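Here is the structure we will look at.
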Amino acid sequence: MSDRDSKDPVNNNRRNFLKQSIAIAGTVGGIAALGLSAPGFLRSAAYAAGSDAPEKAVLNIGFIPLTDCASVVVAATQGFAAKYGLTINPSKEASWAGVRDKLNTGELDASHVLYGMMYGSQLGLAGPQKDMAVLMGLNQNGQAITLSKQLKEAGVTTGEQLAAHIKKGGNPLTFAQTFPTGTHAMWLYYWLAHYGINPFTDVKTITVPPPQMVANMRVGNMDGYCVGEPWGARAVFDKIGFTATTTQQIWADHPEKVLGCSREFVEQNPNTARALVMAILDASRFIDASEANKKATAKLISGKAYVNAPTEVIEQRFLGNYEDGLGNSWQDKNPMAFCKDGSVNFPYHSDGMWFLTQFKRWGLLKDEPDYAAVAAGINQTKLFSEAASALGLSVPSSVMRSSTLIDGKVWDGSNPAAYANSFAIKA
C-alpha cells in the first residue's frame with residue numbers, strides 16, 4: 001500500500017471497489033449497468049432526448065453531525081460527485097431549524113434532513129410553509145432512545161418499568177427530541193405511547209440539537225432522548241446513559257434521513273437533481289459494499305469537520321455491533337443501512353404518508369390531509385427511478401410498502417385516516 005493509500009483508507013477502498021466491480025462487469029454494457037462508466041455514457045444512454053448537463057455544478061449540501069450523514073460526506077470528498085459533473089460543498093449545520101431556514105432561503109441547495117421535517121415544511125408546521133422535495137432516502141434504521149443512568153439506578157431499564165415509574169407521580173420526567181415534526185420526535189412519541197405514556201401530558205418534551213444531547217443529559221437537563229447515532233452510543237461510552245431501545249426495534253427498516261431540497265430547486269435544476277441523486281446513490285452503494293468500506297467511512301466522518309466523535313464510538317453501531325450499557329451486547333439484524341440495492345433509497349409514498357398520520361395523531365394537523373396527494377407532490381419517485389436505473393439499481397414496482405411496527409399494527413398506506421385515528425393514546 002502506498003503512503004497515500006495508508007493515509008486515505010476511503011480512497012484506497014473505493015479504488016479497490018471500483019477495480020473489482022469493473023473486473024466483474026467485464027463488458028461495456030456490464031460496466032454501465034453497475035454505474036461505473038464515464039458519466040457521459042450514462043447520460044447519452046438514458047437521456048438522449050436533450051442535454052442533461054447539470055444546470056448548477058457547484059452545490060452547497062447541508063448535514064447535521066450524525067452517522068447517517070455518511071453518504072453525503074463520502075459523495076462530496078471521495079470523487080463520487082465529480083464523477084457526475086458536480087462539486088459538493090458539505091456544510092455542517094448546528095440544528096435542524098437552521099437547515100430548514102437555509103433550505104427555505106436557498107443558502108443550501110439540498111441537505112441531509114429529517115423526513116418528517118420536509119413534510120412539516122410543506123404543510124407549514126413548525127415553521128413557514130415551503131413546497132419541498134424528497135429526492136431519495138439516505139438511510140434506514142440506526143437511531144436510539146437513551147435513558148439516563150439515574151433512571152437505571154432507580155430500577156428503570158424497560159418501557160414497562162418507565163411507565164410504572166411515571167405513574168408513581170412526582171416531578172415529571174423530561175425527554176428530548178431533535179425537531180417537532182422530525183423522525184426522532186415521532187419515534188420517541190410512538191415508543192412512549194406503546195407503553196401507555198402520553199408524550200404530551202405524562203412527561204415533558206423539549207427540542208435539543210443532536211450534538212448537544214449528550215452534554216445536556218450529563219448535566220441533568222433530561223431523563224431520556226431520541227437521536228441518531230453516534231449520540232446514543234456516546235452516552236453509553238461516557239457512562240451517562242443506556243440504550244432503552246433502538247428505532248429498528250420500533251420499526252424494522254424504517255425510513256430515516258432523506259436528501260431534501262425545495263420543490264423550486266428540482267424544477268429549476270432537474271439535471272442537477274438527478275446527477276446529485278446518482279452521486280449519493282453511488283456513494284451509498286460503496287459504503288454498504290463491505291465491512292472495510294464501512295470502517296473507512298466511520299474513520300472519515302469521525303473528523304472534526306463532520307461528526308467530531310471518536311471513531312470507535314461511530315464504528316461499532318455502524319457495523320451493527322451493539323452494547324446497551326446494561327451489560328447486553330448483540331449483532332443487530334437491522335443495523336443502519338445506506339443502499340441495499342436501492343431499497344433503502346427509494347422514496348416510497350407510504351413512508352412519507354406515515355409521518356402525516358403521526359402529525360394527525362398528535363394534533364400537529366387539525367384536519368385530515370390528502371395523504372396520497374401530499375406524498376406524491378413531495379417524493380420525487382420518477383427522478384429517483386431514472387437515477388437508480390442508470391446505476392443498475394432495482395426500482396420497486398409500487399410506491400407503497402408494508403411494515404409491522406412494535407405494537408403489531410400494520411402500516412401499508414391503504415387507509416391512512418383510519419390508521420391515524422386507531423391509536424388509544426393520541427392528542
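We use all heavy atoms of the structure for the numbers below, so side chains are in, but hydrogens, waters and symmetry mates are not. Computed from a prediction, not measured in an experiment: that's the story for all the values here.
You'll find the ring centres of Tyr115 and Phe355 inside the 6.0 Å limit. Side-chain rings of His254 and Trp187 approach one another, their centers coming within less than 6.0 Å. Ring pair Phe286/Phe80: centre-to-centre distance below 6.0 Å. Between His112 and Trp96, the distance separating the two ring centers is shorter than 6.0 angstrom. In this structure, Phe318 has its ring center under 6.0 Å from that of Phe338.
By the salt bridge (Lys or Arg N to Asp or Glu O under 4.0 Å) test, Asp223 pairs with no residue at all, sequence neighbours left out. Under the side-chain contact (heavy atoms from CB on, under 4.5 Å) criterion, Asp101 pairs with no residue, sequence neighbours left out. Residues passing the salt bridge (Lys or Arg N to Asp or Glu O under 4.0 Å) test with Lys340, sequence neighbours excluded: Asp253.
For the pair Lys92 (side chain) and Tyr306 (backbone), a donor-acceptor distance under 3.5 Å is present. For the pair Arg234 (side chain) and Glu229 (backbone), a donor-acceptor distance under 3.5 Å is absent. The closest donor-acceptor contact from the side chain of Ser350 to the backbone of Met400 lies at 3.5 Å or more, if one exists at all. Checking side-chain atoms of Thr272 against main-chain N and O of Glu55 turns up a donor-acceptor pair under 3.5 Å. Formation of a donor-acceptor pair under 3.5 Å by the Asn293 side chain with backbone atoms of Ala289 is not found in this model. A donor-acceptor distance shorter than 3.5 angstrom exists from the side chain of Arg263 to the backbone of Met132, with no hydrogens or angles considered. At distances below 3.5 Å, at least one donor-acceptor pair connects side-chain atoms of Asp324 with backbone N or O atoms of Leu326. Within the 3.5 Å criterion, the main-chain N or O of Gln331 finds no donor-acceptor partner in the side chain of Asn321. Proximity of a side-chain donor or acceptor of Gln212 to a complementary backbone N or O of Val208 within less than 3.5 Å is not detected. Counting only distance, with no hydrogens or angles, the side chain of Arg361 and the backbone of Ser422 share no donor-acceptor pair below 3.5 Å.
In this structure, the separation between CG on Leu162 and OH on Tyr195 is 10.0 Å, given to the nearest 0.5 Å. For the atom pair CG (Leu59) and OG (Ser91), the distance works out to 12.5 Å, reported to the nearest 0.5 Å. With rounding to the nearest 0.5 Å, the separation of OG in Ser262 from CG in Asn269 is 9.0 Å. To the nearest 0.5 angstrom, Thr178 atom OG1 is 4.5 Å from Leu114 atom CG. The distance from atom CH2 of Trp231 to atom CG of Leu66, rounded to the nearest 0.5 Å, is 8.0 Å.
With respect to Lys102 and Glu93, a salt bridge is recorded, a charged nitrogen being found less than 4.0 Å from a carboxylate O. At a threshold of 4.0 Å, the pair Asp412-Arg401 does not count as salt-bridged, since none of the basic side-chain nitrogens sits closer than that to a carboxylate oxygen. Ion pairing of Glu153 with Lys149 is absent here, as no side-chain N (NZ or NE/NH1/NH2) approaches a carboxylate O to less than 4.0 Å.
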Derivation and outcome, ring pair (Phe, Tyr, Trp, His ring centres under 6.0 Å), residues Phe175 and Tyr189 | CA-CA 10 Å; Phe175 288 82; Tyr189 300 165; over 10 Å; no
Pair Gln122-Lys130, side-chain contact (heavy atoms from CB on, under 4.5 Å): steps then yes or no = CA-CA 5 Å; Gln122 179 71 36; Lys130 181 81 171 180; over 6 Å; no
Yes or no on side-chain hydrogen bond (donor to acceptor under 3.5 Å, both in side chains) for Trp411 and Ser402, after CA distance, side-chain angles and deciding distance?
-> CA-CA 6 Å; Trp411 167 247; Ser402 179; over 6 Å; no
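Results of the side-chain hydrogen bond (donor to acceptor under 3.5 Å, both in side chains) test with Thr183 over Glu256, Gln177, Gln143 single out Glu256 as the only residue that passes.
Counting heavy-atom neighbours within 6.0 Å of Gln161 CD, excluding the residue itself, gives a total above 12.
In this structure, a donor-acceptor pair under 3.5 Å is absent between the side chains of Tyr322 and Asn328. Glu107 and Asn60 share no side-chain donor-acceptor pair at under 3.5 Å.
Thr247 and Cys226 get closest at one heavy-atom pair: CG2-SG, 4.3 Å. Here the closest non-hydrogen pair linking Ala70 and Thr297 is CB-CG2, 3.8 Å. Considering all non-hydrogen atoms of both residues, Val74 and Ala283 come closest at CG1-CB, 3.9 Å.
In this pair, Phe423 and Tyr419 present their aromatic rings perpendicular. The plane angle is above 60°, beyond the 30 to 60° band.
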